[in-house]
Structure formats: C-alpha cells, structure tokens
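Structure record follows, encoded as structure tokens.
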Protein chains: 2
Amino acid sequence: MKTYKIDDVARETGLTKRTIRYYEEIGLMPTPERSEGGTRQYTREHIDHLLHVISARDVLGFSLQEIQDYIVYARELSGQRQLYPQIQEPEQKLAKLREMDETLDAQLRKLDEKAGKILAMKAELEQFRARVGAGIDLLEAKQQNHTKDIEMEETGK
Amino acid sequence: MKTYKIDDVARETGLTKRTIRYYEEIGLMPTPERSEGGTRQYTREHIDHLLHVISARDVLGFSLQEIQDYIVYARELSGQRQLYPQIQEPEQKLAKLREMDETLDAQLRKLDEKAGKILAMKAELEQFRARVGAGIDLLEAKQQNHTKDIEMEETGK
DNA sequence: TCTAACGTTGACGTTAACGTTAATATGTAG
DNA sequence: CTACATATTAACGTTAACGTCAACGTTAGA
C-alpha cells in the first residue's frame, strides 16, 4: 500500500505538519504506522480523514471536540472499526445505536438551522451589496460629469 | 427612550456581562451612553445588535474580527452612521465603497462554499442515520424473536 | 558514504475569547 | 440615611488551537 510522509499530507490537506501531529495527539486521527526509524507513514485514508475533519472544522465552526464525536461515529459506521473498540453485546450495541441515532438527529437539526441562517445572512449581504453598487454607480457618474466640465473648461481656454 | 442596564442585556442575550463589555472593548458594539455615575445605559438597538453578532458567531463560526467587518458595513449601510465616522470626500468614499464591494463579494463566496459543504455533510449524516436505523431494526427483530417464546401475551400486539 | 533535506520529540510562546478576582464607586429599597 | 445589590476599571488567569525553536535522529540522492 502506498504511504505518505507528513510533508505530503501537509501539501495535500493544506494543514501544517504541527497541526497534523496535534490532531493525532488529541485523538482526532488514528495513529499511523511508523517506519523502522520512527517516521510516520500515512495512507490515503488518513488524508481523506483529515479532509473530512477540515471540512467539519471550517464549515461548521465546531470545536475539535465536537468534531471528534462525529468522526468516531463516522469511523464506526464506515467499516474501519478495527481502529476503535467494537461492541459485542447485542443489548449494549442496541443502546449504542440508539444513542448514535439521537446524536445524529440532533446534529442534523443543527445543520438545518445553520443552513437556514446562512440563507438569511446571504440575503442580507446581497441587499447590502446592491446598495453599495448603487452608491458606486452614483459616484462614478458624478465623477464623469465633473471631469467632463474640466475638459470643457480646458478646451474653452 | 427606555434604557437597560448591563444585567438586563445579559439576561436578554444570554451573554455574560464580561462578554458584553469585551465586545464593546474590541469595537464589536457601539459604546452606550453613560449615567452621571458612569453606568452603561443600553438601548434596544444595542440588544438587537448583540443578537445579530451572536447569530453570526454561533451559526457561521466566524471569528469576531470577521464579524466586525460585517457589522461595520451593516451599520454604515443601515443609516445609523452617526456611530461611526462619516467620509465626506467623494474620492475616498468611492474607494471605500469599492473596498466594501470586494469584501462583501468575498464573504458571499464564503457563504456559498459553506452552504455547499453543509449540504454535503447533511447527505452524509442522513446516510449514516439510515444505516443506524437499519441496525436498530435488525437488533430489535432479533430481540423480538428471542423474547417471543417467553412473553406470549405480547405477541398479539 | 556523505550530506542536505526531512522527520522526531519536547517544551515554551502566542492569540482569541473570554473568566475571575479585587478594589472601589453607584443605584435603590426600606 | 443606611445597607446592600449592582456597577465600574484594572489586572491577571485560562483554554483551545496551534506556532516556533532547539536538539537530535532518519532518509534519499550524488
């Protein structure tokens, strides 16, 4: 399997090397394998994972802690469970699934709320921009007239 | 005009008194009038202003600096210009308007980006939730079968 | 094999966004 | 007028999310 060094990952994700190590440190990313000498060897999955984290961080303004909750669920559901402890007891599993369902539902409601407010803010900003545009047109027209007068004065001399 | 003390504002906005003073300190809110003794006297506009700031902060995850840009423009455009210095020179005004236009454009692009990513994330979470739901159904069915023999009277439901 | 470029681990520094505390003045109910 | 809740400024403390630096080991190409 192809592996990547931390500099490659930094280039592909736009994160700094420090940030990548930090995310590993706080458990936001599964720890990669190491080479004989201790160099971290990332896989494509690590990169995808980070891109996911970045998206959640930037777009949602979630704290890294909140993102972690989300990430853990995503991992548990996408088959890469070997990275996190697996639950065997059916009753516990059911309880866990119900908990996840609730959390997902709450997050979805949050997202809907955010989407709605983003639309409202967009409308407001667009209105502002229309006014600014009108102001620019007005002043440009004035300047046109002004320079026209000057030209006439000059030619009249 | 009715005025509010800082504790009233804190109650209505959910912010702490410290945060309210901090927002004033960093220029996120127009400085309120003071009583003879120096007590801040807020108006309803201050409260509405703060609610706006909170919305931008919570929902969009903007930094307070980014919010400030937005707020300043909003103020300058909504007629309450006495709170901020007014530009008189037409050329400076035109330059300022062009700057505002650019900033607004940039913020609108950001908003579009966020909206897009929110939709993507929503789709993903919904997919997760569907899987979780399937898992719950499965386990519940198993449990049903298991308890069917024992709890005969409930099978009639 | 040598060396330059890159990687590693501490460990301390920084910035935003407030919290907390202290010392003091102000506003108000009785 | 007194007492007591609430206000003020000033200053230092805190936490998250990294930045930066030093000292040192690793990797890869000529």
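First the proteins, then the strands, lettered A, B, ... as listed; each starts at 1.
A salt bridge is absent between A/K5 and A/D8; no separation between the charged side-chain nitrogens and carboxylate oxygens falls under 4.0 Å.
Residue B/R40 contributes atom CZ, which lies 17 Å from atom P of C/dA25 at whole-angstrom precision. Here the P atom of nucleotide D/dT8 and the OH atom of B/Y22 are 18 Å apart, to the nearest Å. Here C/dT15 presents its P atom at 16 Å from CD of B/E25, a figure rounded to the nearest Å. Taking atom CD1 of residue B/I54 and atom C1' of nucleotide C/dA17, one finds them 14 Å apart after rounding to whole Å. Atom CG of B/L64 and atom P of C/dA16 are 10 Å apart (whole Å). Straight-line distance from the CD1 atom of A/I20 to the C1' atom of D/dG19: 14 Å, rounded to whole Å. Atom P of nucleotide D/dT26 and atom NZ of A/K5 are separated by 14 Å, given to the nearest angstrom. In this structure, CG of B/L28 is placed 11 Å from C1' of C/dA17, rounded to the nearest angstrom.
With DNA chain D read from its 5' end, the first of the two nearest nucleotides for A/S63 and B/Y42 is the one closest to B/Y42.
Within the structure, a side-chain polar atom (N or O) of B/Y23 is placed less than 4.0 Å from OP1 or OP2 of C/dC18. Phosphate contact (OP1/OP2 of C/dG7, side-chain N/O of A/K17, threshold under 4.0 Å): present. An OP1 or OP2 oxygen of C/dT26 is reached within less than 4.0 angstrom by no side-chain nitrogen or oxygen of B/S35. Between D/dG19 and A/T19, a contact under 4.0 Å exists linking OP1 or OP2 to a side-chain N or O. Phosphate proximity of D/dT20 to A/R18: absent, as no side-chain N or O sits under 4.0 Å from OP1 or OP2. Taking side-chain N and O atoms only, B/R34 has a distance below 4.0 Å to OP1 or OP2 of D/dT9.
Checked by distance alone, B/R21 brings no side-chain donor or acceptor within 3.5 Å of a matching partner on the base of D/dT8.
Checking D/dT27, D/dA16, D/dA7 against every side-chain atom of B/I6, the shortest atom distance belongs to D/dA7. Among the nucleotides D/dT9, D/dA7, D/dA16, the one closest to any side-chain atom of B/D7 is D/dA7.
Distance check, rounded to the nearest 0.5 Å: CD of A/E25 to OG1 of A/T19 gives 11.5 Å. Interatomic distance, CZ of A/R44 versus CE of A/M1, reported as 12.0 Å (0.5 Å rounding).
Within a 6.0 Å radius of CD in B/E140, more than 12 heavy atoms belonging to other residues, nucleotides or ligands are found.
Residue contacts shown for B/I26 are absent, as no nucleic acid heavy atom lies under 4.0 Å away.
Within the 3.5 Å criterion, the main-chain N or O of B/L28 finds a donor-acceptor partner in the side chain of B/H49.
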